[in-house]
Amino acid sequence: MRRKIVAGNWKMNTTPAEGAELAKAVAAGKKEICDCVNFIVCPPYTHLSEVVRITRGTGVAVGAQDCATEEKGAFTGEVSARMIASLGVEYVILGHSERRQYYGETSETLNRKMRQAYANGLTPIYCVGEKLEEREDGRHFDVVKAQLEEVIYHLTPEQFERLIVAYEPVWAIGTGKTATADQAQEMHAHIRRTLAAKFGAAAEQTPILYGGSCKPSNAGELFAKEDVDGGLIGGAALEADSFLQIGKAFLK
Ligand code: 13P
């Protein structure tokens with residue numbers, strides 16, 4: 001049985017005070033939901049310490065949205081994996097399409113970030129996904145395969161065992177346009193096959209999350225698919241109710 005995971009990517013939203021309220025509401029609501037669903041919240045850096053404190057012992061885990069490529073030193077504005085991990089944060093989102101698109105992150109950058117994440121005990125949530133034109137040109141499977149081969153294939157088998165992958169088609173992020181459950185399943189199966197080609201049977205255990213306009217009304221259909229092990233949620237994670245409802249979609 002693979003882990004079922006619902007992770008909220010808050011992106012650049014909420015003040016620390018608003019984030020604390022949101023985290024409290026998620027932690028309170030989580031109590032009503034089966035322990036079989038793993039909840040992760042990923043607030044901005046400025047909130048991490050407080051959100052870790054609020055969620056401690058509640059079964060809600062905390063992730064960062066990024067980390068630096070380097071260990072430490074003169075890198076103004078950067079936040080290292082070691083700093084993040086020292087707060088009690090367990091996860092880190094890496095390779096989100098917004099980082100690739102707006103901040104020029106390449107596979108080379110991401111290999112360095114992955115190295116830092118693992119060296120400091122963080123579990124990466126590695127994001128892949130094609131742009132609209134790549135899907136329209138029929139290149140979506142190749143694009144996602146390359147995003148996996150160029151980064152994930154460099155992991156050791158031990159590192160691979162801790163990995164979480166998120167498939168987020170860029171055309172579905174924040175657009176209200178969700179991939180159909182069949183489109184998601186088809187890509188998730190492709191991702192798992194690509195991982196299995198390198199890591200064998202271990203790929204059966206890798207949680208592969210779907211992200212892109214996932215909400216309470218479509219989560220059930222998506223999560224019912226064999227290779228969809230949960231969601232990486234943006235907009236709908238900014239309200240505790242809708243985020244928790246998405247988690248409950250597993251139980252239907
Ligand atoms: P939305 O759920 O707002 O489309 O964002 C998805 C996402 O990018 C999560 O990382």
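Start at 1 with the first residue, then count along the sequence. FYI, side chains are in, hydrogens and waters are out, and symmetry mates aren't considered; it's all heavy atoms of this structure. Order of listing sets the numbers, starting from 1, for every ligand and every atom in it.
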Which heavy atom in Y153 sits nearest to a heavy atom in A197, and how many Å separate them?
OH-CB, 3.8 Å
Under-4.0 Å salt bridge between K30 and D35:
yes
Should the proximity of N9 to ligand 1, defined as any heavy atom under 4.0 Å, be assigned to the side chain, the backbone, both, or neither?
side chain
Ligand 1 atoms nearer than 4.0 angstrom to some heavy atom of G212 are 4 (O), 6 (C)
Minimum side-chain heavy-atom gap F199-L155 below 4.5 Å
yes
Quick one: which residue pairs count as a disulfide bond (SG atoms under 2.5 Å apart) with a foot in residues 7-63, not counting sequence neighbours?
C34-C36
Output for pair (Q183 CD, L222 CG), nearest 0.5 Å, gives 10.0 Å
Are E70 and R112 ion-paired here, with the side-chain N under 4.0 Å from a carboxylate O?
yes
Would you please say whether a donor-acceptor pair under 3.5 Å links the side chains of W171 and E130?
yes
By number and element, which atoms of ligand 1 are closer than 4.0 Å to a non-hydrogen atom of A172?
4 (O)
Does K215 reach ligand 1, in the sense of a heavy atom lying below 4.0 Å from it?
no
Numbering the atoms of ligand 1 from 1, which are under 4.0 Å from a heavy atom of E168?
6 (C), 7 (C), 8 (O), 9 (C), 10 (O)
Distance to 0.1 Å, residue and atom name: give those for the protein heavy atom nearest to atom 2 (O) of ligand 1.
G234 N, 2.9 Å
Using a 4.0 Å cut-off to any heavy atom of G235, which atoms of ligand 1 qualify?
1 (P), 2 (O), 3 (O)
Consider every N or O of E98 and every N or O of ligand 1, then say whether any pair is closer than 3.5 Å.
no
How close does the nearest protein non-hydrogen atom get to atom 5 (O) of ligand 1, and which residue and atom is it?
K11 NZ, 3.3 Å
